[in-house]
Amino acid sequence: MSSFVDRSNGRFHSVCSLDCPDQCGLIVHKRDGKITKIEGDRDHPVTKGFICNKVRHMADRIYDEKRLKYPMKRAGAKGEGQFVRISWDEAVDTIITRWKSLLQSDGPESILPYSFYGNMGNLSAEGMDRRFFNRLGASQLDRSICNAAGAVGYKYTMGASFGVDPEDTIQSKLFIFWGINAVSTNMHQATIAQQARKQHGAKIVVIDVHQNKTAKLADWFIPILPGTDTALALGVMHVLFSENMTDEAFLREFTVGYDALREHVVQYDPHTVSIITGVPAEDIVRLARMYGTTSPSFIRIGNGPQHHDNGGMFVRTISCLPALTGQWNEKGGGAIKGNSAYLAYNTDALQRPELLKDPNTRMINMNRLGEALLSLEPPVKSLYVYGTNPAVVAPSSQKVKKGLLRDDLFTVVHDLFMTETAKYADIVLPATSSFENIDFYTSYWHHYVQLQQPVIEPYFEAKSNVDVFRMLAKGMGFAESAFDETEEEMITQSLENPQNPYLKDINYETLAKHQYVKANASFPKVLPTPSGKIELYSERMKKDGYPPLPTYIPLQEEADHHFQFIAAPNHNFMNSTFANQSKHTSLEKEPLIVLHRLDAEMLNIRDGEQVRVWNAQGEVWLKADVGDSVLQGVAVTQGLWENDQDSKRLVNTLTPDRIADMGGGAVFFSGKVSIEKIK
Ligand SMILES: Nc1nc2c(c(=O)[nH]1)N[C@H]1C(S)=C(S)[C@@H](COP(=O)(O)OP(=O)(O)OC[C@H]3O[C@@H](n4cnc5c(=O)[nH]c(N)nc54)[C@H](O)[C@@H]3O)O[C@H]1N2
Ligand SMILES: Nc1nc2c(c(=O)[nH]1)N[C@H]1C(S)=C(S)[C@@H](COP(=O)(O)OP(=O)(O)OC[C@H]3O[C@@H](n4cnc5c(=O)[nH]c(N)nc54)[C@H](O)[C@@H]3O)O[C@H]1N2
Ligand code: SF4
Ligand SMILES: [Mo]
């Protein structure tokens with residue numbers, strides 16, 4: 001059980017639990033046992049007291065009247081949202097009875113857990129739940145919705161998620177934000193870039209399909225056609241090689257395949273690349289010269305271009321660039337896609353894979369949830385959702401909803417709110433917020449491990465993920481000691497990782513004392529690639545059926561519709577989190593669709609008019625935002641809005657559930673739509 005210490009008043013250390021690279025240190029103010037204010041921890045070495053607007057308003061969410069207080073069971077039709085209160089005993093009994101009967105009739109694979117990182121705490125997101133579902137033998141979930149393609153792509157080049165320490169990037173003289181809206185999604189990296197600009201005149205370049213908030217503060221915004229970034233990177237390489245701006249000594253010592261790459265990129269001359277990308281040839285040359293002559297330079301590789309059919313190859317390609325100019329040898333030089341390898345903890349100790357008896361247990365890709373519910377054989381008969389809101393965030397959401405409507409599907413949703421997904425549940429369970437739990441956090445951007453200790457008591461009857469899975473294990477009669485361990489024990493085991501020397505001095509005690517501890521990490525001298533070097537040419541890729549050299553492969557053709565549809569995150573929501581809070585929705589006002597003025601003219605659409613955006617999967621209604629912040633043929637919307645009343649705002653209605661080139665990744669941004677004025 002969580003050990004709650006009654007500390008009714010004062011200021012308490014905490015950490016932001018949201019799925020955001022910054023993982024800010026927080027100070028929580030309390031009076032009479034309640035949170036009154038949340039602010040940044042000024043002593044935190046990376047986040048330094050600055051936090052985003054979303055979390056400054058977090059107390060409103062914690063005490064929102066709409067928060068789930070008790071377990072409930074469905075009292076109306078699926079999707080209607082009619083529920084009645086039940087006890088925890090009844091909720092657990094109902095689940096266990098149903099699952100025991102399914103084990104008999106259909107076997108454990110008929111049960112599918114469905115989760116993501118609504119709470120980044122490792123115990124909450126990938127701890128007791130994994131132990132439980134491994135022991136149950138349930139279908140496994142391939143958690144590929146976020147950065148799976150990019151992680152695999154980066155691995156081919158670099159071996160694992162090792163990038164530059166973001167604290168060092170203050171030294172950089174050139175920041176390239178490549179398909180990342182950092183002002184909204186990695187605000188401290190944007191702050192460091194602005195500080196470097198002030199201190200020593202660093203330049204900020206943004207490459208994006210949309211002139212977003214980050215592009216607005218850049219020294220140079222390069223608009224590009226969606227899904228063509230790999231070609232741009234190859235064009236930059238072409239110029240670097242042909243104008244002798246490469247670091248030959250570095251290439252010889254730390255890479256393999258540079259001669260093959262040099263020859264390979266001859267075909268990607270600026271003129272050819274310009275036709276593919278929509279970036280003028282002279283800008284390609286200018287970008288390459290800027291990159292080739294500025295050191296240290298830093299590329300922040302975003303998730304945007306990675307959420308495409310060719311997203312894995314994009315990251316594989318971009319991650320070759322810093323090696324060409326020897327940037328990994330410069331303090332603050334290099335790139336970040338993710339930095340999770342520095343803080344790799346002992347996942348086996350936490351998740352107990354040995355509890356899963358059948359190694360052939362099926363794996364279901366979370367990006368194909370709709371298909372899995374509608375047509376998988378043998379069928380999924382029960383779905384257990386926690387820490388995610390698939391009816392809103394998963395691709396092709398009308399299919400997901402159709403699947404959730406199935407009468408014979410027994411669905412349980414554990415969340416803090418009655419999400420759109422929860423409305424389809426048979427049983428809804430109330431979750432604690434991270435401020436009510438004990439957990440440990442490992443950022444995927446900076447190098448700090450952080451501890452969360454409970455700041456407030458659980459809200460009404462809410463329970464943490466760890467506690468719920470303990471109850472379910474007891475109910476199922478699982479006798480293994482893995483289900484009795486305390487959170488402190490689980491944290492201790494996780495941090496004992498002989499595979500990762502960087503964590504050597506970090507344990508529960510040091511965390512309890514210091515709250516956040518930096519891993520003693522540095523960029524590895526020998527990378528975990530087959531050659532130990534940066535692989536510009538990858539034999540492993542060839543074996544896996546990919547071109548061994550970085551190669552531009554166009555997006556899949558969808559000839560029926562004209563506009564490339566980019567449904568990206570917005571500033572004031574976190575995926576679908578906060579889309580149910582009026583403070584956040586009123587800051588965002590309403591969902592827009594950004595169009596080029598010539599496209600709008602052609603469609604007879606004026607700025608501010610409501611438009612219908614549609615394809616074969618369905619339709620969405622959005623307000624036109626007409627201007628020149630996208631190229632022609634591109635349509636951008638931001639934010640995963642909820643559908644309230646009759647509004648048609650569920651943008652994932654229109655996104656494809658195809659799978660990316662690598663890692664089973666999602667391709668949210670590769671779909672196409674048509675657009676017309678609502679008459
Ligand atoms: N405020 C806020 N912060 C967040 C989130 C949120 O929802 N809101 N979500 C969190 C999560 S889970 C994640 S994964 C990260 C994601 O954060 P980012 O890494 O910033 O990724 P996205 O926001 O998906 O997309 C970034 C940019 O890619 C652009 N883009 C799309 N396609 C292309 C393309 O083909 N080429 C180029 N060059 N650009 C393209 C989009 O216009 C967008 O501006 O943010 C996290 N932080
Ligand atoms: N169109 C489009 N779709 C996208 C994206 C995009 O850019 N465009 N981005 C994609 C990406 S990168 C991601 S990562 C996914 C993210 O999608 P999700 O992982 O679904 O993220 P959220 O919408 O924030 O939902 C998290 C849910 O977890 C709940 N929660 C929080 N803490 C806890 C807890 O401790 N226990 C339990 N049981 N529940 C908790 C929250 O209340 C919330 O309802 O969305 C994807 N969907
Ligand atoms: S969402 Fe990101 S920027 Fe905002 S407080 Fe949390 S970690 Fe910091
Ligand atoms: Mo994500």
Side-chain angles (χ1 to χ4, degrees), residues 175-185 190 193-194 203-229 231-232 235 270-271 273-287 290 302 304-305 307-308 555 561-572 587-613 620-639 651 654 668-678:
F175 290 79
I176 301 181
F177 289 100
W178 202 317
I180 176 169
N181 187 9
V183 167
S184 301
T185 65
Q194 286 168 288
K203 290 277 179 286
I204 302 175
V205 175
V206 168
I207 303 170
D208 207 286
V209 301
H210 175 213
Q211 191 171 22
N212 57 27
K213 281 187 192 293
T214 313
K216 290 208 170 88
L217 68 75
D219 297 296
W220 186 19
F221 166 53
I222 305 177
I224 187 168
L225 291 170
T228 67
D229 302 78
L232 179 58
H271 175 70
V273 169
S274 169
I275 293 167
I276 299 170
T277 59
V279 180
E282 57 272 22
D283 284 349
I284 299 168
V285 174
R286 183 179 157 209
L287 175 65
M290 193 185 249
H307 269 151
H308 278 290
L555 301 183
H561 300 280
H562 176 69
F563 287 93
Q564 196 75 46
F565 182 62
I566 311 286
N570 67 7
H571 191 73
N572 290 291
L587 284 168
E588 289 289 340
K589 299 197 182 73
E590 65 184 299
L592 304 174
I593 183 135
V594 184
L595 299 173
H596 191 275
R597 77 198 137 69
L598 293 178
D599 284 335
E601 218 167 82
M602 202 176 64
L603 296 168
N604 194 22
I605 292 168
R606 275 195 299 259
D607 188 51
E609 284 181 337
Q610 286 289 324
V611 299
R612 187 172 93 90
V613 184
V620 169
W621 293 359
L622 302 165
K623 188 166 129 179
D625 176 6
V626 177
D628 52 10
S629 62
V630 294
L631 295 177
Q632 276 182 267
V634 179
V636 173
T637 183
Q638 291 185 313
V651 292
L654 304 172
F668 288 108
F669 304 153
S670 286
K672 287 201 154 186
V673 295
S674 292
I675 299 172
E676 67 180 10
K677 187 155 133 173
I678 295 174

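Hydrogens, waters and symmetry mates are skipped; everything else that's a heavy atom, side chains included, is used. Residue numbers run from 1 in the order of the sequence given. Small disclaimer: the values here were computed from a predicted structure and weren't measured.
- Across Leu631 and Thr277, no two heavy atoms sit closer than the pair CD1-O, 4.5 Å.
- Checking side-chain atoms of Glu588 against main-chain N and O of Asn572 turns up a donor-acceptor pair under 3.5 Å.
- For Phe669, the ring pair (Phe, Tyr, Trp, His ring centres under 6.0 Å) test picks out His307, with sequence neighbours left out.
- With contacts defined as side-chain heavy-atom distances shorter than 4.5 Å, the pair Leu217/Gln194 qualifies.
- Here the side chain of Thr214 pairs a donor or acceptor atom with the backbone of Val183 at under 3.5 angstrom.
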Working for side chain to side chain contact (heavy atoms under 4.5 Å, CB included), residues Val209 and Leu225: CA-CA 6 Å; Val209 301; Leu225 291 170; over 6 Å; no
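- Nearest heavy atoms, Asp599 versus Gly633: OD2-N, 2.7 Å.
- Here the shortest heavy-atom pairing between Leu287 and Ile207 reads CD2-CD1, 4.1 Å.
- Inter-residue side-chain proximity for His210 and Ile566 is flagged as unmet; no heavy-atom pair is nearer than 4.5 Å.
- For the atom pair CG (Leu232) and CG (Asp283), the distance works out to 9.5 Å, reported to the nearest 0.5 Å.
- Considering all non-hydrogen atoms of both residues, Pro226 and Leu555 come closest at O-CD1, 3.9 Å.
- In terms of modelled atom types and a separation under 3.5 Å, the side chain of Gln564 and the main chain of Ala635 share no donor-acceptor contact.
- By the side chain to side chain contact (heavy atoms under 4.5 Å, CB included) test, Gln610 pairs with Glu590, Trp621, Lys623, Ile678, sequence neighbours left out.
- Formation of a donor-acceptor pair under 3.5 Å by the Asn181 side chain with backbone atoms of Asn212 is not found in this model.
- Counting only heavy atoms from C-beta outward, the side chains of Pro591 and Gln638 never approach each other to under 4.5 Å.
- Remark: side-chain polar atoms of Asp219 are paired, donor with acceptor, to backbone N or O of Ile204 under 3.5 angstrom.
- Note: Ile284 CD1 to Ile276 CD1 = 9.0 Å, rounded to the nearest 0.5 Å.
- Side-chain contact check for Ile222 versus Val205: some heavy-atom pair is nearer than 4.5 Å.
- Here the side chain of His596 pairs a donor or acceptor atom with the backbone of Leu598 at under 3.5 angstrom.
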Worked verdict on Phe563 versus Val636 for side chain to side chain contact (heavy atoms under 4.5 Å, CB included): CA-CA 10 Å; Phe563 287 93; Val636 173; over 6 Å; no
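- When all heavy atoms of His308 and Gly227 are compared, the pair lying nearest together is NE2-N, 3.7 Å.
- Without hydrogens or angle criteria, Asp625 side chain to Leu592 main chain gives no donor-acceptor distance under 3.5 Å.
- Within the 4.5 Å cutoff, side-chain heavy atoms of Trp220 are placed close to those of Met290.
- To the nearest 0.5 Å, the span separating OG1 on Thr228 from CD1 on Ile275 amounts to 12.5 Å.
- Considering only residues two or more places apart in sequence or on other chains, Ala567 meets the side chain to side chain contact (heavy atoms under 4.5 Å, CB included) condition with Phe565, Thr637, Val651.
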